[in-house]
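Per chain, numbering begins at 1; letters A, B, ... match sequence-line order. Note that this is a predicted model, so its numbers are computed, not measured.
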Amino acid sequence: MKLSLGPITYFWERDAVFDFYRAATASPAEIVYLGEVVCSKRRLLKPEDWLTIGRELQQAGKDVVLSTLTLVEAASESSAARHVCENTDFMVEANDASAIQYLSSAGMPFVTGPSVNIYNHRTLSLLSRLGLKRWVLPVELGLEALAELQERRPSGVETEVFAFGRLPLAWSARCYTARSENLPKDDCRFRCLDYPDGRLLSTREGKDFLVLNGTQTQSARTHQALGDLARLRQLGVDVLRISPQSTGTMDVLELFDAVRRGEAVNDLNERLAALAPAGVCNGYLHQQAGMDNEHPNAA
Amino acid sequence: MELVCPAGNLPSLKAAVDNGADSVYVGFKDDTNARHFAGLNFTERTFKKAVDYAQSRGRKLFVAVNTYPRPSAFPRWKAAVDQAADLGVDALILADMGVMDYAAERWPDLRLHLSVQGSVTTAAGIRLYHEHFGIRRVVLPRVLSVKQVARVIEDSPVPVETFGFGSLCVMVEGRCLLSSYATGRSPNTYGACSPASHVRWEETPDGGTDTRLGGVLIDHFGKDEKAGYPTLCKGRFEVGEHTYYALEEPTSLNTLAILPELQSIGVSAIKVEGRQRSPAYVAQVTAVMRSAIDACLRDPENYSPQDAWMRSLGSVSEGAQTTLGAYHRPWQ
């Protein structure tokens, strides 16, 4: 199984992004997804910057994919998504229907991200005919649905599973980070920069529950599939996705690399806990509530 | 502008038709549709009556088969499509590409509408479904401003339906997993958001009420507050130092104030949310929307929403308050 580094979902300072990908060149990740997938106002990196980063990663032997915005609303966002789809350097991860349309009508091969709803074999086959080369299992689907899908997967299509990170749960027209600061979206003052791992939302009894990341809402808990790697391998999963966090992401990649190689890892649970500030979860993989934490078989 | 109204049972369907709906949308009694609630929806027998009642009065009947089946469940979704087609419905409202692919192949003459659960917000996305499945209408998610809806309509190959009234999803529909994160059941796979089976109401020592979903505290109400249903995105949470409705307040969408705008940008149909609501709700909302749309079509220049309409819709709204939602930029 290959490891991928998903797109950065947060808004980081420009230098932090460059530093992050410099570190990624030396990481065990074989595939790297680049680009802004949450908010079109986050423009500290220009399209050319992403291409530059992509070329550097490619030179380091990484397979580079450009990701498109997930919720496209404004005409300017449609144009930006189209621009990404028309690039001739890298394959594209389509994160909504418009990107699929741009890519398939141009005869370009593509990947679909976790927010593209592929819930059954018929959808998978249809998209395969339109040029799908790899798909990410929707995060709410578990191992049972995955097994059914893998059984009827068309040839030439790779399967990727979201294996580590805060879960992408919802997208809105409203910016919840701006709202949390009593600011309107149109004058958000880029407050997302103050929250490099999103802003924590807790229940009224003080339990961490969700994370506000601009127009996106994530889980507070970190979803992790480490305990299920053997099963994922058995089901023929090709790629495991690690979703970037502001710290520790390269350690996560090292940990997954060690486990996939079958190396004995000391203190696995402790090391995982240290990388998940609000605790871990894996309920989705086990047909449970996503926030649940099942005790899986040992890796 | 066509008025499209919800019906969760036969009395509601009759209420919609009798009060002026041009079309009524319904679902079957299982998880093939996004209002999969106990005691709701249509069996084969009541469904036949529904088709007869609507069509014999010159109205249209639509069937929503708008959830996402996994492979082993796919045959049931096919059966739902076949059952609706066999009985001569006027359109199917579908979300899943695989189900759509099946319906387009098996029933090439049947009208297909892309459900709001299809989560498509752009003209290019609509073209994808138009080119491959020949959809003839799209229902837009409640995430676009009026200006953005206008842009989509300009470039869309098919007519556009938008929401006019009802409970407000603040997340883009079809891609919201908040409920499944807390309960394991999602609108996409199970056909219900914040399902009643996972709700708990608990009295607290202060005489108030805690409302929980999947064990998660969604809100606490004091002794003198009216406790509301724990819909996940309408709860009060803590962010930083503040406790507030972090995502959205309990409120309903109400577009009476902007009907002329929706008409002038070319919206073809106005949808009312609420298949889970009572026949009285359907009758009341349909009657108000009928009057308002007629007034707007007659004289859009001088149209303004009547106080009585606003009061009537306010009385059946969540938290007794309404909003223009994403149509109105400052809401965002």
Query raised in the report: Within 45° of the ring axis of A:Y33 and under 6.0 Å from its six-membered ring centre, is that where the NZ or CZ of A:R241 lies?
Result: yes
**Report entry** Carboxylate-amine/guanidinium proximity below 4.0 Å for B:R212 and A:E205
**Finding:** yes
What part of [X] is in contact with chain B, defined as an atom under 4.5 angstrom from a non-hydrogen atom: side chain, backbone, both or neither?
{"X": "A:L130", "answer": "side chain"}
{"X": "A:S115", "answer": "both"}
{"X": "A:L124", "answer": "neither"}
{"X": "A:L200", "answer": "backbone"}
{"X": "A:Q288", "answer": "backbone"}

If we define contacts as heavy-atom pairs under 4.5 Å, which of [options] has the most with chain A?
{"options": "B:V216, B:T183, B:T243, B:I218", "answer": "B:V216"}
{"options": "B:S145, B:S72, B:G118", "answer": "B:S72"}
{"options": "B:E238, B:H198, B:H132", "answer": "B:E238"}
{"options": "B:P69, B:G235, B:C176", "answer": "B:P69"}

Query raised in the report: Under 6.0 Å between ring centres, would you say that holds for B:F74 and A:H121?
Result: yes
Query raised in the report: Who are the ring-ring contact (aromatic ring centres under 6.0 Å, His included) partners of B:Y102, not counting sequence neighbours?
Result: none
Report task. Fit a plane to each ring of B:Y129 and B:F133, take the angle between them on a 0 to 90° scale, and name the class: parallel (under 30°), tilted (30 to 60°) or perpendicular (over 60°). Result -> tilted
Query raised in the report: Is it the case that more than 12 heavy atoms not belonging to A:K41 sit under 6.0 Å from its NZ atom?
Result: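 Yes, NZ of A:K41 has more than 12 neighbouring heavy atoms, counting only those of other groups under 6.0 Å.
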